Structure formats: C-alpha cells, structure tokens
Amino acid sequence: MDVKSNIINALKEVIYKEVGKDIEIKLEKTPNLELGDYSVNICFRLAKELKKNPKTIAEEIVEKLKSMNIEGVKEIKAVNGYINFYIDYNKFAKNLVKEIDNKGNDYGRGNKKGIKIILEHTSANPNGPLHIGHLRNAIIGDCLKRILEFYGYDVETHYYVNDMGRQMALVVYGIELFGLDKEKKKDHAIAETYVKINKYLEEHPEEEEKILELMREYEDALEKNENNEITKKFEFAVNYALDGIKETLKNLNIKHDIFVWESSYVRNGMVKEVIKKLMETGKVVKEETYMLDLSDFGIEKKMVLARANGTSLYSTRDIAYHLDKLSKCDIGIDVLGADHKLTAEMVKAALKLLGSKVPEVIFYEFISLPEGSMSTRRGRFISADELFDEALKRAKEECNKRGVEENIAYDIGLGAVRYNIARISPEKPMVFKWEEALDFEKVGCPFIQYAHARCCSILKEAENKGVKDEAVFNYELTKEEKELIKMLDEFKEIIKESAENRKVHVLANYLLELAKAFNRFYANCPILMTKVDDNVKKSRLKLVKSTKTVLETGLRLLGINCPGRM
RNA sequence: GGACCCGUAGCCUAGCCUGGAUAGGGCACCGGCCUUCUAAGCCGGGGGUCGGGGGUUCAAAUCCCCUCGGGUCCGCCA
C-alpha cells in the first residue's frame with residue numbers, strides 16, 4: 001500500500017468514527033514543503049456539522065491519527081484547520097523508484113478495461129490541405145488516442161471523409177475546367193483548383209446549376225450502388241486530396257486507423273433507412289421539405305432532413321454514420337470545432353430518438369489569424385504543411401547555432417508544433433502568431449526535451465564512470481529531490497485525470513512541471529561529482545533514470561519523440 | 001432576438017467541473033550563476049482591480065444572478 005492511500009484510509013476511519021459516515025477525501029499538495037508534503041482541508045467542511053471550529057477539529061483528528069502510526073508518515077501537524085502530513089521520503093522514494101524501474105515505459109499505464117472507444121478526429125473536408133485549425137483537431141485527437149490507450153481503453157480512430165458535400169462537387173467541376181497543378185503537393189493542388197472554381201462561379205453564377213447537377217448525379221449513382229464516370233471523378237478528387245492530407249498527418253506523427261467515407265452510408269442504404277425510421281417517430285413535419293422536430297430535447301430549431309430536391313444532407317448522413325459507429329463501440333468520442341455545437345446537439349437528439357447511444361463530443365475553439373478567421377475557399381489560411389516546414393527550418397537553425405546534429409531537428413520541430421497546440425485547453429480561442437508558434441527559446445517542448453536529453457547524458461556519463469543506480473535513499477533528501485519525487489509519483493494521477501476527463505493539456509502541462517522540477521534538481525543536486533557520497537550518487541542516478549522514463553512516456557503520449565542529445 | 005465559449009500583469013497561459021493556506025508558470029524587462037553531470041538551463045527582482053457589479057459562504061479566480069468586451073452558432077453549407 002502506498003503512503004497516500006494509507007493517509008486517506010486512516011483519515012476515513014477517524015472521520016467515520018467522528019461523524020458516522022464516509023466522506024470523500026482529497027489529498028492535496030501543500031503550497032510549500034515547510035507545511036508538509038500533503039494536506040487535507042476536510043476540517044473546514046466538518047466544522048458546521050460538528051459545531052466546532054476547524055482548528056480544534058484538526059487538532060483532535062491529528063491526535064487520533066498520530067496514535068495510528070500510519071505507515072510511511074513521519075509527522076502530522078494541525079495548522080489553522082489544515083491537517084498537514086510529512087512523509088517518510090526514504091521509504092517513499094525507494095518504493096516509487098522501484099516501481100518505475102520495474103514497469104519502465106509502462107509506468108502509469110492503466111489496466112486493460114475491455115472497453116472499446118471509437119475516436120473520430122480531424123475529418124477535414126478533402127477540398128484542400130489541413131490548415132492550422134484542422135491541426136488543432138488532429139493533435140488533440142491523436143494525443144487523446146494515445147492517452148486513452150495507455151489508460152487501458154481499446155481505441156480505434158476514424159477520419160470521417162466528407163466526400164458528398166457541395167465543396168467536393170466544386171472540386172470535381174473545377175478539375176474539369178482547370179485541371180490540377182501536378183507540380184504541387186496533391187492537397188494543395190486541390191485547394192488551388194477549389195479557389196479557382198469558387199472565383200469562377202462568382203463570375204458565372206449561371207453555372208451553379210451544374211454543381212447541383214453533379215451532386216444529384218453522384219448521389220443517384222451511390223443510391224444505386226453503381227460505379228460510373230461520376231463516382232470515379234469524385235473518388236479521384238477525394239483520394240487525390242486525401243493522399244496529400246495523409247502525408248501531412250504522417251509528418252506530424254498522426255495516424256488514423258480507418259477512413260470512413262460519408263458516401264458509404266448512401267451506398268449501403270443506411271441514410272434512407274435513417275430517414276424512414278425518423279419518420280416513424282412521428283417527429284417529422286412537412287414544410288418546404290421534411291423537418292425533424294427536436295423541441296422535446298430543448299432544441300428550438302428544427303432539423304432539415306433532406307433538400308427540397310430530395311438529395312440528402314450532411315447532418316442526415318452524419319446520423320447514419322454515428323448510428324453505425326456507436327453500434328460498434330462502447331464509447332464514441334468526436335473531436336469537433338466549436339461551430340458544430342448546435343448540429344452536434346441535433347445529431348445527439350436524433351440518435352436518442354432512434355434509441356441509440358450518443359457520442360461524447362470534445363469541442364475546441366478556433367485558431368484564427370491576427371487579420372481574422374481562416375477560409376479555404378478564399379485561400380486565406382496557413383496550412384499545417386507551411387507551419388511544419390517553418391518549424392523544421394527553425395529547428396535546424398537552432399541545431400546549427402548550438403552545434404548539434406541536424407538529424408534531431410525533426411523531433412524538435414515536431415515537438416514544438418504538437419506541444420504548442422496540445423498544451424492549451426481546447427475551449428480557449430487561439431490567435432495564430434508565427435513568432436509564438438516558432439519561438440524555441442521560450443519554454444515549451446524543447447524545455448522538456450532538453451531535460452530528457454540531460455537525463456540521457458548523465459546516464460551515459462554514469463556508465464562511463466561505472467556508477468550504478470540504486471535506490472538507497474538513506475540520507476536526508478533535499479527539497480529539490482522531494483519535489484521531483486512527488487512529481488514523478490503524480491504521473492499516475494495525471495494519466496487518470498487526463499484520460500477520464502479527455503484533457504490532453506493536463507498531461508502537457510504536467511510534463512513541463514516535471515521538467516522544471518528536474519532542472520531544479522539538476523542545478524542544485526550534484527549527481528556524479530566526485531565529492532558526492534556513493535549512496536547519494538546511486539540514489540540520485542536512480543532519480544535521473546526515473547525522470548527519463550516518465551518524460552519519455554509522457555512525451556510519447558503527446559506524439560513527441562525525445563532525442564538523446566540536443 | 002436566442003444559445004454556447006472565452007476574458008487571469010505589456011503579451012501568452014494554468015487553476016474554475018470538485019470553493020480553502022501568500023492566484024502557479026512562461027515571454028518580454030532588470031540583476032546574478034558555466035575551473036567536475038549539456039546555460040535550449042538555474043537563482044533573484046519589479047509587474048495582478050483574476051473584465052465590471054451584486055449575491056451565496058466562516059472562505060469566491062472557482063458557485064449563482066446581472067452587466068461589458070471578443071468569438072461562434074441559429075431549417076434545405078459542411
């Protein structure tokens with residue numbers, strides 16, 4: 001049993017005797033080590049119930065706790081109503097470090113839960129390259145997949161390909177009129193054509209009919225499950241764009257398990273089936289077209305189920321997709337831009353009507369440019385490729401400046417891009433600024449990678465000197481060592497919190513804190529210096545090794561590599 | 001008009017769900033630290049009406065109400 005559980009159990013026991021019921025106890029870190037290592041503020045909450053002041057309650061509880069001799073606890077103090085615990089670091093450190101040693105990169109891993117999650121993310125329209133807004137989606141999604149898997153879920157990632165929208169018909173028509181620039185990266189070539197056709201249609205609005213015609217023909221063919229000239233044109237265009245998008249994702253260390261085409265739900269008849277079933281609920285009203293009344297779910301706006309010309313709409317097809325997806329997993333998670341909030345609510349309501357479970361949705365706010373929001377149609381966006389290329393270029397420059405081999409530049413560039421997005425909580429709107437996205441001197445991923453590289457270099461040096469790591473810890477630890485040990489221990493809780501709350505930034509911010517704790521330890525506690533006592537040397541080396549392991553695991557969960565030198 | 005998100009030093013950000021000890025970081029600015037483990041680092045300093053106003057509470061950045069500013073969404077786009 002670990003110290004923290006011992007403390008909680010003892011507290012529960014004492015408090016149960018006091019008030020006759022179980023009370024949830026949260027052990028917190030103290031603001032500083034003079035106040036102990038962990039504390040609880042439970043006495044404030046008990047004050048009213050026991051009709052005593054918190055200070056007295058704390059003192060009484062402390063007396064009782066002391067007589068219990070909690071294993072691993074050195075001292076307990078009552079301070080102004082708080083109960084502060086001082087732990088026996090020698091024991092704590094030894095246990096922790098052994099645990100990390102035994103488990104290695106599995107330290108912090110959760111038990112297999114036997115729960116399948118389908119996580120949909122990115123799902124950008126194949127009418128151009130991913131821009132930095134899509135990138136936020138992709139990075140949150142990919143990190144989340146890694147974290148959820150590590151926590152013990154069985155996770156499958158989906159990229160939902162919107163191949164049936166107006167924007168795809170535009171691309172197809174555009175390719176016919178203008179072709180594609182074969183010199184360009186495929187998704188960028190598609191975007192170029194897409195911009196051209198949009199401009200062209202503005203000048204020739206009479207050709208709008210051709211687009212609608214294309215969409216009708218495509219849907220007709222799909223409904224008959226045919227493969228003809230039209231479907232081939234769409235497939236070509238979609239795949240052309242997807243090839244480029246996949247390349248970008250690969251560069252960013254992002255991989256989807258499955259690409260699901262929207263059209264497949266028209267082909268297999270599920271869209272028709274969904275509309276039919278929704279009709280049967282009696283919630284469909286006929287206006288200019290068929291509308292779904294969702295007022296039972298607190299949604300005032302009705303949901304349009306099809307166009308007046310009979311063709312299906314994105315939202316209807318999305319219901320079919322979700323129905324299918326959710327039947328194949330225990331939990332469905334979608335990562336979506338905040339602009340989808342209302343439609344996501346509508347889809348959920350429709351799914352409930354059909355007796356299906358509903359997805360969890362993680363929303364993120366937009367990344368905008370200082371001059372305003374991005375637009376693929378107007379060609380006003382910063383592509384993920386552009387950002388990544390710049391990051392790579394900048395990383396190389398930094399490497400050269402510092403005399404480090406350029407081959408780690410990929411790791412640094414990738415880390416900078418992924419980390420800068422992963423660390424911000426998703427509900428925060430972001431304004432993209434080049435100098436912020438690319439500034440490696442500032443704290444961010446390089447700081448964490450640097451701490452890791454330091455660990456590596458110390459371990460190497462130890463090997464050269466023939467110093468073995470060993471969890472002795474038979475001396476009074478410095479405050480830097482204590483802080484570091486507590487941080488290393490916290491990793492398990494961070495994984496749990498990050499996974500259960502689906503919050504990637506929690507892990508990202510933790511890693512920065514861990515790196516900071518390590519750097520302080522490094523600066524203040526000599527490790528391999530000759531004057532250092534052997535037991536101290538061995539123990540500290542163990543801490544270095546443990547830190548390296550946790551940093552490595554943590555960064556890997558963010559999809560970031562850690563170079564051994566930098 | 002209705003709904004949702006954001007507002008924390010010059011700039012960026014954590015904490016808000018689950019209320020508690022002097023609101024954590026970082027950038028920028030000022031001053032220190034490389035004659036034994038990597039200075040992409042460490043230590044110190046200045047800088048805060050937690051947008052504003054009410055309320056609940058022993059205690060509010062955190063919960064509730066109102067309000068201001070920014071963003072987003074609101075039937076045949078995706």
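Note that the structure is predicted; figures quoted are calculated from it, not measured. Just so we're on the same page: letters track the sequence lines, and every chain starts at 1.
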[N] phosphate, OP1 or OP2: any side-chain N/O from [X] under 4.0 angstrom?
X: A:R307; N: B:rA78; result: yes
X: A:S457; N: B:rU38; result: yes
X: A:R454; N: B:rA39; result: yes
X: A:Y522; N: B:rA39; result: yes
X: A:R402; N: B:rA40; result: yes
X: A:Y450; N: B:rA40; result: yes

Hey, is the side chain of [X] pairing donor to acceptor with the base of [N] inside 3.5 Å?
X: A:S39; N: B:rA21; result: yes
X: A:N519; N: B:rU38; result: no
X: A:N84; N: B:rA21; result: yes

Spacing of [X] atom [atom1] relative to [N] atom [atom2], expressed in whole Å:
X: A:F366; N: B:rU72; atom1: CZ; atom2: C1'; answer: 7 Å
X: A:Y290; N: B:rC76; atom1: OH; atom2: C1'; answer: 14 Å
X: A:M303; N: B:rA78; atom1: CE; atom2: P; answer: 12 Å
X: A:M346; N: B:rC77; atom1: CE; atom2: P; answer: 14 Å
X: A:M168; N: B:rC77; atom1: CE; atom2: P; answer: 18 Å
X: A:E300; N: B:rC4; atom1: CD; atom2: P; answer: 13 Å
X: A:F363; N: B:rC6; atom1: CZ; atom2: P; answer: 13 Å
X: A:N80; N: B:rA21; atom1: CG; atom2: P; answer: 12 Å

Residues in salt bridge (charged side-chain N to carboxylate O under 4.0 Å, His left out) with A:E461, at least two apart?
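Salt bridge (charged side-chain N to carboxylate O under 4.0 Å, His left out) check on A:E461 returns A:K465.
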
Tell me every residue that passes salt bridge (charged side-chain N to carboxylate O under 4.0 Å, His left out) with A:E49, counting only those two or more places apart in sequence or in another chain.
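Salt bridge (charged side-chain N to carboxylate O under 4.0 Å, His left out) list for A:E49, sorted by chain: A:K21.
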
Excluding sequence neighbours, so at least two apart, what forms side chain to side chain donor-acceptor pair (under 3.5 Å) with [X]?
X: A:T56; value: A:N53
X: A:K468; value: none
X: A:S546; value: none

Hey, what are the protein-to-nucleotides 10-18 of chain B N/O distances that come in under 3.5 Å?
unit_1: B:rA14; atom_1: OP1; unit_2: A:S425; atom_2: N; d: 3.1
unit_1: B:rA14; atom_1: OP1; unit_2: A:S425; atom_2: OG; d: 3.0
unit_1: B:rA14; atom_1: OP2; unit_2: A:K428; atom_2: NZ; d: 2.7
unit_1: B:rG15; atom_1: OP1; unit_2: A:H505; atom_2: NE2; d: 3.1
unit_1: B:rU18; atom_1: O2; unit_2: A:K26; atom_2: NZ; d: 3.4

By the 4.0 Å heavy-atom rule, please label [X] as base, sugar-phosphate, or nothing.
X: A:N309; result: nothing
X: A:G36; result: nothing
X: A:A306; result: base
X: A:C456; result: nothing
X: A:I527; result: base

Listed by chain and number, what are the ring pair (Phe, Tyr, Trp, His ring centres under 6.0 Å) partners of [X], not counting sequence neighbours?
X: A:F44; result: A:Y82
X: A:H158; result: none
X: A:F491; result: A:Y107, A:Y510
X: A:Y173; result: none

Backbone N/O of A:A78 and side chain of A:E59: donor-acceptor pair under 3.5 Å
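The answer is no, because no donor-acceptor pair under 3.5 Å joins these two groups.
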
Side chain of [X] - closest among [options]:
X: A:E287; options: B:rU72, B:rA21, B:rG75; result: B:rG75
X: A:F447; options: B:rC42, B:rC5, B:rC77; result: B:rC42
X: A:E288; options: B:rA21, B:rC76, B:rC4; result: B:rC76
X: A:K516; options: B:rC42, B:rC76, B:rA78; result: B:rC42
X: A:L342; options: B:rC43, B:rC73, B:rA78; result: B:rC73

Between A:R166 and A:I83, who's closer to the 5' end of RNA chain B by nearest nucleotide?
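Comparing both residues, the 5'-ward one is A:I83.
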
Could you check A:I408 against A:E461 and say which one's nearest nucleotide on RNA chain B is further toward the 5' end?
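Comparing both residues, the 5'-ward one is A:E461.
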
Indicate syn or anti for B:rG54, taking the glycosidic torsion and treating anything within 90° of 0 as syn.
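It is anti.
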
Where does B:rC34 land, syn or anti, given syn is within 90° of 0?
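B:rC34: syn glycosidic orientation.
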
Sticking with atom [atom1], work out how far [N] lies from [M], rounded to a whole angstrom.
N: B:rG51; M: B:rC16; atom1: P; value: 15 Å
N: B:rG44; M: B:rU38; atom1: C1'; value: 23 Å
N: B:rG2; M: B:rG47; atom1: P; value: 43 Å
N: B:rC37; M: B:rG32; atom1: C1'; value: 22 Å
N: B:rC64; M: B:rU57; atom1: P; value: 16 Å
N: B:rA14; M: B:rU56; atom1: C1'; value: 27 Å

Assign a letter to each nucleotide of nucleotides 55-61 of chain B from its 5' end: B, base within under 4.0 Å of a protein heavy atom; S, sugar-phosphate only; -, no contact.
---B---

Under-3.5 Å N/O pairs linking protein and nucleotides 32-36 of chain B:
unit_1: B:rU36; atom_1: O4; unit_2: A:K531; atom_2: NZ; d: 2.6

Parallel, tilted or perpendicular, judged at 30° and 60°: which one describes the rings of A:Y314 and A:H340?
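Answer is perpendicular, since the angle exceeds 60°.
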
Take atom CD in A:E463; do more than 12 heavy atoms of anything else shown fall under 6.0 Å from it?
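For A:E463, atom CD is not crowded (no more than 12 foreign heavy atoms under 6.0 Å).
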
Got a sec: does the CZ of A:F432 have more than 12 other heavy atoms crowding it under 6.0 Å?
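Atom CZ in A:F432 is packed in, count exceeds 12.
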
Pair assignment for B:rU35, Watson-Crick or G-U wobble, requiring both distances under 3.5 Å
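Because no pair has both required distances under 3.5 Å, B:rU35 counts as unpaired.
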
Return the pairing partner of B:rG44 with a 3.5 Å limit on both distances, Watson-Crick or G-U wobble; otherwise return none.
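Its partner is B:rC30 (Watson-Crick or G-U wobble, both distances under 3.5 Å).
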
Quick one: does NZ or CZ of A:K348 land under 6.0 Å from the six-membered ring centre of A:F297, within 45 degrees of the ring axis?
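No, A:K348 and A:F297 do not form such a contact.
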
Centres of the A:Y38 and A:F85 rings: under 6.0 Å?
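Ring-ring flag for A:Y38/A:F85: false, centres at least 6.0 Å apart.
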
